[in-house]
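What follows is one structure encoded as structure tokens, with my remarks underneath.
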Amino acid sequence: MKKVDPFAGGMSDTTNSRSADTPVKKTRPLWMTIGILFLVFFVVIPLFSTFLFDEKNIGNVAVIPIHGVITADGEASYMYGSTVSSWQIVDYIKAADKNTNVKVILLEINSPGGSPVASDEIATAVKQAQKPVVALIRETGASGGYWIASAADHIIAHKMSLTGSIGVVASHLEFSGLMEKYGVGYERLIAGEVKDMGTPFKKMSAYETAIMQKKLDILHDYFIDEVAANRKLAREKVKKLATGEVYLGVEAKQLGLVDELGDYAVAEEYVKKTYALDSVEYMRYEPEKGLLDVLLGVMNEFSFHVGRGFGASVISQEQSTIMLK
């Protein structure tokens with residue numbers, strides 16, 4: 001039997017109408033799909049990879065990268081670029097030292113220096129390690145970076161790397177002249193004669209400059225003492241070299257600041273020969289990157305190149321005196 005559906009303008013078959021108890025196909029909500037994908041990529045896969053392949057349990061040479069400015073907490077700095085945390089590096093050194101598979105610890109250094117405290121914390125951990133520590137200075141191992149390298153049992157540096165720079169700096173910008181030009185004043189309210197010493201809003205007095213210089217000299221003496229003891233060099237010799245000058249790797253070798261010139265291949269041969277290793281298997285102690293970190297890295301790389309197009313013409317003249325083109 002068929003009847004006319006006045007609203008449809010045609011015929012409808014009552015025999016083909018859906019039964020009330022017929023199951024209705026449901027679609028999965030979008031938020032549920034996103035949640036499942038999130039769990040798979042950020043929870044299941046990382047956990048599965050950890051149980052299946054734990055990098056911290058393989059390899060006989062632990063590579064610990066020390067890249068960027070050395071700080072206590074590792075917070076990024078817009079002025080100085082990438083940073084590395086001393087507490088994290090110390091943890092890596094201790095973990096590698098306890099790992100029964102590790103025979104040698106290799107510090108991969110590419111750092112211009114940083115905090116005296118953070119540098120000393122890492123250097124102390126290096127000296128306390130029971131296993132041999134080799135430092136490889138790739139491009140830069142200056143100031144605090146060299147302080148750390150000097151604590152190692154053996155230092156290998158690329159012949160064109162920048163090393164040394166045994167000195168301390170605490171310079172700062174001072175805006176008082178600019179403020180005066182534009183009619184901006186600094187209302188000085190302090191309790192303590194030198195409480196605002198070093199503020200950029202006023203010139204330092206001779207008395208304040210003397211105080212700051214005294215502290216820098218003390219830190220400089222600590223630096224000299226550490227390098228002399230670590231490298232088994234006469235303190236007077238190190239003091240003569242501690243002008244803050246940066247030495248090329250080849251110069252540092254002649255001065256006794258490094259033991260050998262070379263790269264990863266040289267470091268590998270040294271480790272194999274010195275510590276009787278038939279082969280070298282590296283494992284890196286560094287923060288693990290998740291999918292989100294990789295995606296952000298790609299975005300940052302893209303942003304860098306976009307920005308580089310606008311800024312290259314401004315800085316190219318300055319870079320030409322430093323970089324090989």
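None of the values given here were measured: they were computed from a predicted structure.
- In this structure E121 satisfies the salt bridge (Lys or Arg N to Asp or Glu O under 4.0 Å) test with no other residue, sequence neighbours excluded.
- Side chain of N101 to backbone of G59: no donor-acceptor contact under 3.5 angstrom is found.
- Hydrophobic cluster membership differs between L219 and F223, with clusters built from Ile, Leu, Val, Met, Phe, Trp and Tyr side chains linked at under 4.5 angstrom.
- Taken from NE2 in H67 to CD in E108, the straight-line distance is 3.5 Å, to the nearest 0.5 Å.
- Under the rule for a salt bridge (Lys or Arg N to Asp or Glu O under 4.0 Å), K131 has no partner lying at least two apart in sequence or in another chain.
- Distance OH/Y146 to OG/S119: 13.5 Å, rounded to 0.5 Å.
- The environment of NZ in K272 is crowded: more than 12 heavy-atom neighbours from other residues, nucleotides or ligands sit within 6.0 Å.
- Hydrophobic clustering (side-chain heavy atoms under 4.5 Å, transitive across Ile, Leu, Val, Met, Phe, Trp, Tyr) keeps V134 apart from I93.
- Side chain of K237 to backbone of L255: a donor-acceptor contact under 3.5 angstrom is found.
- Of the options I122, V227, D120, a side chain to side chain contact (heavy atoms under 4.5 Å, CB included) to W147 is made by D120 and by none of the others.
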Full working for side-chain contact (heavy atoms from CB on, under 4.5 Å) between V61 and L277: CA-CA 10 Å; V61 175; L277 300 180; 4.2 Å; yes

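- Both V271 and L106 are members of a single hydrophobic cluster when ILVMFWY side chains are connected at heavy-atom separations under 4.5 Å.
- Closest non-hydrogen pair, Y92 versus E286, comes out as OH-C, 3.2 Å.
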Evaluate the side-chain contact (heavy atoms from CB on, under 4.5 Å) criterion for residues S115 and I70: first the C-alpha distance (whole Å), next the side-chain angles of each, then the deciding distance (0.1 Å), finally the verdict. CA-CA 6 Å; S115 160; I70 304 161; 5.8 Å; no

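- Around the OH atom of Y222, the shell of radius 6.0 Å holds no more than 12 heavy atoms that belong to other residues, nucleotides or ligands.
- Counted within 6.0 Å of CD on E139, heavy atoms from surrounding residues, nucleotides or ligands total 12 or fewer; the atom is thus considered open.
- By the 30° and 60° cut-offs, the orientation of the rings of Y270 relative to H154 is parallel.
- Shortest non-hydrogen contact noted between I109 and A149 is CD1-CB, 3.7 Å.
- Under the 4.5 Å side-chain heavy-atom criterion for Ile, Leu, Val, Met, Phe, Trp and Tyr, Y207 and M197 are members of the same hydrophobic cluster.
- Side chain of N60 to main chain of S279: a donor-acceptor pair is present (N/O by atom type, distance under 3.5 Å, no hydrogens or angles).
- Rounded to the nearest 0.5 angstrom, I155 CD1 and K253 NZ are separated by 12.0 Å.
- A donor-acceptor contact shorter than 3.5 Å is absent between the side chain of T140 and the backbone of A142.
- In this structure, T163 and L248 approach most closely via the heavy-atom pair OG1-O, 4.1 Å.
- Between the CZ atom in R138 and the OG atom in S161 there is a gap of 11.5 Å [rounded to 0.5 Å].
- One N or O on the side chain of R231 and one on the backbone of G256 form a donor-acceptor pair closer than 3.5 Å.
- Closest heavy-atom contact between A96 and Y285: CA-OH, 3.7 Å.
- Checking side-chain atoms of H158 against main-chain N and O of L136 turns up no donor-acceptor pair under 3.5 Å.
- The minimum heavy-atom distance between L216 and A170, with the atom names listed, is CD2-CB, 3.7 Å.
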Go through it in stages, so that I can follow the logic: the residues are V266 and L261, the test is side-chain contact (heavy atoms from CB on, under 4.5 Å), and I'd like the CA-CA distance, side-chain angles, deciding distance and then a yes or no. CA-CA 8 Å; V266 172; L261 300 178; over 6 Å; no

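- Placement of V168 and V246 in two distinct hydrophobic clusters is found when ILVMFWY residues are connected by side-chain heavy-atom separations under 4.5 Å, directly or transitively.
- The structure places CG of D196 at 4.0 Å from CZ of R188, a figure rounded to the nearest 0.5 Å.
- Closest of all the heavy-atom pairs between A151 and V126 is O-CG1, 3.5 Å.
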Test side-chain contact (heavy atoms from CB on, under 4.5 Å) on Y275 and K103; report intermediate values, then the result. CA-CA 8 Å; Y275 303 107; K103 306 304 179 186; 5.8 Å; no

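- P65 has its side chain within reach of R284: a pair of non-hydrogen atoms, C-beta onward, lies under 4.5 Å apart.
- Taking the six-membered ring for Trp and the full ring otherwise, Y282 and Y264 have centroids separated by under 6.0 Å.
- If you take CE on M204 and OG1 on T209, they are separated by 4.0 Å, rounding to the nearest 0.5 Å.
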